[in-house]
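The figures here come from the full heavy-atom set of this structure, side chains too, leaving out hydrogens, waters and symmetry mates. In what follows, every chain begins at residue 1, and chains take the letters A, B, ... in the order their sequences are listed.
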There are 2 protein chains.
Amino acid sequence: MMSANKVGERMISERQLRILEAIISDFIDTAQPVGSRTISKKYPLGISSATIRNEMADLEELGYLQQPHTSAGRIPSDLGYRLYVDSLVNVHTIGYEEKEVIQSLLRSRIIEANDLAKQAAKLLAEFTGLVAIVAIPKFNKCKLGNLKLVKVSDSRVLLIMVTDTGIVKNIQLGISNTDQFILDRVSDTMLNHLSGETIENIDMRSILKIKDKLLNYGDFVDYLIPILRDALKSLNGTEHHTEGLSQLLTIQEFSNPEKARAIFDFLKNPENLEKLVEGSPVNQLSIKIGSEIGLDALDECSVITSAYKVDGKTDGRVIVLGPKRMDYGNVVSIVNYISNTLSDVFSGITL
Amino acid sequence: MMSANKVGERMISERQLRILEAIISDFIDTAQPVGSRTISKKYPLGISSATIRNEMADLEELGYLQQPHTSAGRIPSDLGYRLYVDSLVNVHTIGYEEKEVIQSLLRSRIIEANDLAKQAAKLLAEFTGLVAIVAIPKFNKCKLGNLKLVKVSDSRVLLIMVTDTGIVKNIQLGISNTDQFILDRVSDTMLNHLSGETIENIDMRSILKIKDKLLNYGDFVDYLIPILRDALKSLNGTEHHTEGLSQLLTIQEFSNPEKARAIFDFLKNPENLEKLVEGSPVNQLSIKIGSEIGLDALDECSVITSAYKVDGKTDGRVIVLGPKRMDYGNVVSIVNYISNTLSDVFSGITL
DNA sequence: AATTAGCACTCGATCATGATGAGTGCTAAT
DNA sequence: ATTAGCACTCATCATGATCGAGTGCTAATT
């Protein structure tokens, strides 16, 4: 809670702030427009409903509140939520039990990058009751740690790449009539020369160098190179894991099937998820409210994002999406904790 | 369309059959209880609404129709749908364009088993407008074609197995302090002895035999064996790909958020999907209607399943779930076509 | 004997009506 | 500056009237 002078934009009194806080808290609980009488009775501000009415009128004029219709109570505007989030919300501390659960599930040994992201998304969805999305670090920006070519069928070869942080990626290549012995020789040589290289930096130049070392298999390498180039290009997409969608249906704001479906369809499209990620800052936690998101489909939502880092560099994203009327303090603490844990796990920090 | 005598259970006239057909067709279109006048006007049966009323009363007595309330039209009962599906539906032939799209998307070279299943589910969902689930063949029952151990980090090794039909599976094993050279030796030896073996048949006996061949690395093999056994056990689950969930929300029957959510949550649980698969016959196409499914959560649904085969043996499943009021003829033709295409693709038949 | 026209009847859906009450804004008293 | 008081607004809800789609039954028709 802060004093009035800290609020920059417009003059707003301490008392108005308290009233705004009470209204938003109440609205988050009840989803009903909040009236002056409710505030004066439920919250010990020591002022009458009439005074509150006057202040509410002012708050509406300043743009922090809205009135659905003449004789209804007030609901927060996006600007009101913004003020609430910036100055009024106090971030919870996440409970010990929750920490335990998160640690044990995200630090399980046999976990793969995709499984890890999925698990993290599940935890987020469970603890927030909202939609959670976890984007994996771009594989592209990791360093190559290991590499194998494995024959799958007469016409297909599997390229397996492992980053130095232990993320695995498979790509199938259409290559016919080869045998595992040659594949082993080629992949060993490639690994010797490319190990430690950032994957997006593996270009034709470095691949061509390898060709010199593999004179015996020159033909095969000629054949492999264009296929490999295409395959590497395909890696610049980010993978997303979404969980908790069905929980939206229980939330008043989205109980209308059309609205729910609009959001479902929006989130199903990876390009849209990319937009969500792009719009969020790399460093700190970000909260966007309604129109601030800048996407029509999410006008009724708030989005909380956080970036997590792998070895201080490559980053993935953690996203929680819900109604504007969400428990920001709680969600922020969970997003923070899971985001930090992911940073640690992906960076190989074993606690 | 069949003659009256072919209908077993109870005496039902040819005319009653036609009326039933008309009622169900109309109900499938409109989702509204169908009245006698509607039938006599829309369908050229050459009989008056009064006669139809009498027949409808009989059909209700026989259990094929239901009346939501006294002065409403009739809707089909599960038994009515059953009769409709068994004797009245004529299966469409799938169009040339659709075939082209399906073939081109499912026969793309660079596709992996999971991607293939996902793609198939997407196609099903798109062409039916309903929920589609594709279960991958149990990896367990395929034959081993290739095998590699790849070092991922200091504490983890990736076990890659490829079936003779080209399905790939990764498992991460927690194994510390080893190097790629040893892993290569061990995996080569394992492959030599296990190639062609059905994966679920790889038991301790066959693994122990390998140990004899790897005396130099005895300690490592001792360490590996229990880990490997656990890993192989984890393979007997089936993986499912679900698509088209959000489309449910546009269907009248599921526009109630609670009903929709119940189905969403049901389908999210892999065990429940397993139940759906288990309950369906191995050979032909199966249609289950409402209570026939035997699962409370799906009382308002119909489920169409088909098994597809890999090399005539191992099988996956194709499932479409929608309201009882679905276009059976259309859905059946699509399920059949995609199921057959999957059989071919997984069996390596290249057309 | 089967079909159908006709009619009374049922009952959900729709709509206008009025009462209720939560909530407001304004004014005047404190 | 605060607040009590009051007229006013408007969503919500219950009521009742009306409408019409649909039925079942009976009697007339083929």
- Task: Treat a base pair as Watson-Crick or G-U wobble with both distances under 3.5 Å, then lay out DNA chain C in dot-bracket form, 5' to 3', with | for cross-strand pairs.
- Result: ||||||||||||||||||||||||||||||

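- Remark: P of D:dG22 and CD of B:Glu60 are 15 Å apart, rounded to the nearest angstrom.
- Note: CD1 (B:Ile52) to C1' (D:dA21) measures 15 Å, nearest angstrom.
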Could you go through nucleotides 17-22 of chain C and list every protein N or O atom that sits under 3.5 Å from one of its N or O atoms, giving the distance for each pair?
none

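- Here D:dG22 presents its P atom at 14 Å from CG of B:Leu65, a figure rounded to the nearest Å.
- Distance, B:Gln67 CD to D:dG22 P: 11 Å, rounded to whole Å.
- Rounded to an integer number of Å, the gap from B:Arg74 CZ to C:dG12 P is 15 Å.
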- Query: What string of B, S and - do you get for nucleotides 2-8 of chain C, 5' to 3', if B is base contact, S is sugar-phosphate-only contact and - is no contact with any protein heavy atom under 4.0 Å?
  - Reply: -SBBB--

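- Between the CZ atom of B:Phe27 and the P atom of D:dG22 there is a distance of 13 Å, given to the nearest Å.
- Paired with A:Thr128 under the rule side chain to side chain contact (heavy atoms under 4.5 Å, CB included), one option of A:Leu123, A:Ile304, A:Val320 passes, and it is A:Val320.
- Under a 4.0 Å N-O distance rule, the pair A:Glu292/A:Arg82 qualifies as a salt bridge.
- In this structure, CG of A:Asp58 is placed 11 Å from P of C:dC26, rounded to the nearest angstrom.
- When the options A:Leu267, A:Val335, A:Val134, A:Ile133 are evaluated for a side chain to side chain contact (heavy atoms under 4.5 Å, CB included) with A:Ile319, the one that passes is A:Ile133.
- Between B:Thr70 and C:dC11 there is a side-chain polar atom (N or O) within less than 4.0 angstrom of OP1 or OP2.
- From B:Ile52, atom CD1 reaches atom CZ of B:Arg74 across 12.0 Å, with rounding to the nearest 0.5 Å.
- Rounded to whole Å, the distance from NE2 on B:His69 to P on D:dT23 is 10 Å.
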